[in-house]
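Everything below concerns the one structure shown next.
These numbers were taken from a predicted model, which means no experiment stands behind them. We use all heavy atoms of the structure for the numbers below, so side chains are in, but hydrogens, waters and symmetry mates are not. As the structure lists them, so they are numbered: ligands from 1, and atoms in each ligand from 1.
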Amino acid sequence: MAERIPIGADHAGFEMKGKIVEALARLGFEVQDMGTHSAASTDYADYAHPVAHAVETGEAARGVLLCGTGLGMSYAANRHPHVRAAVAWTPEIAALARQHNNANVLVLPARFISEEDAIATLKAWLETPFEGGRHERRVEKIELPEAS
Ligand code: RB5
């Protein structure tokens, strides 16, 4: 059964979301498009929270978000327990976000990345496994602020 990946964007990420939806479908994923569905001005948190909620609850193993810089989406998504949303704009950063940080949400900065680079970044994030080992301990500490 195909893995279902929820995706969300605000108006700044709307156009690129279409390209990412197509790329995910080509790669064999079932895409759950949680909006926005037009280029009309809207609020990034309205899309970050539903996608992050799906990952937080385990309804989805991972999700994708897009906004202008990627920052607003990451701030909102990272308020959800168990969500590690990484802004990435190169395949190298996306791979490290997986290897070292076990990022389960990819956030693309749509106003600062080409379509080609966005798709290459997406593929690197999808294909790169978490390294575990010492990174396991570090990732666990993200949710334990009182432990350090
Ligand atoms: C929208 O203009 C822009 O502020 C938003 O897409 C995002 O970049 C916020 O972090």
For [atom], grab the closest protein heavy atom and report residue, atom and distance to one decimal in Å.
atom	value
atom 1 (C) of ligand 1	H11 NE2, 3.6 Å
atom 3 (C) of ligand 1	R111 NH1, 3.9 Å
atom 8 (O) of ligand 1	T69 N, 2.9 Å
atom 6 (O) of ligand 1	D10 OD2, 2.6 Å

Just wondering, are more than 12 heavy atoms of other shown residues or ligands nearer than 6.0 Å to [atom1] in [X]?
X	atom1	result
E116	CD	no
E15	CD	no
R79	CZ	no

Evaluate the side-chain contact (heavy atoms from CB on, under 4.5 Å) criterion for residues R98 and F130: first the C-alpha distance (whole Å), next the side-chain angles of each, then the deciding distance (0.1 Å), finally the verdict.
CA-CA 5 Å; R98 289 288 313 128; F130 178 46; 4.0 Å; yes
Which bit of C67 gets closer than 4.0 Å to ligand 1, counting heavy atoms only: side chain, backbone, both or neither?
both
Give the atom numbers and elements of ligand 1 that come within less than 4.0 Å of a heavy atom of [X].
X	result
G72	9 (C), 10 (O)
A12	6 (O)
G68	5 (C), 6 (O), 7 (C), 8 (O)

Check whether R84 reaches the backbone of V105 with its side chain - one donor and one acceptor, N or O, closer than 3.5 Å.
no
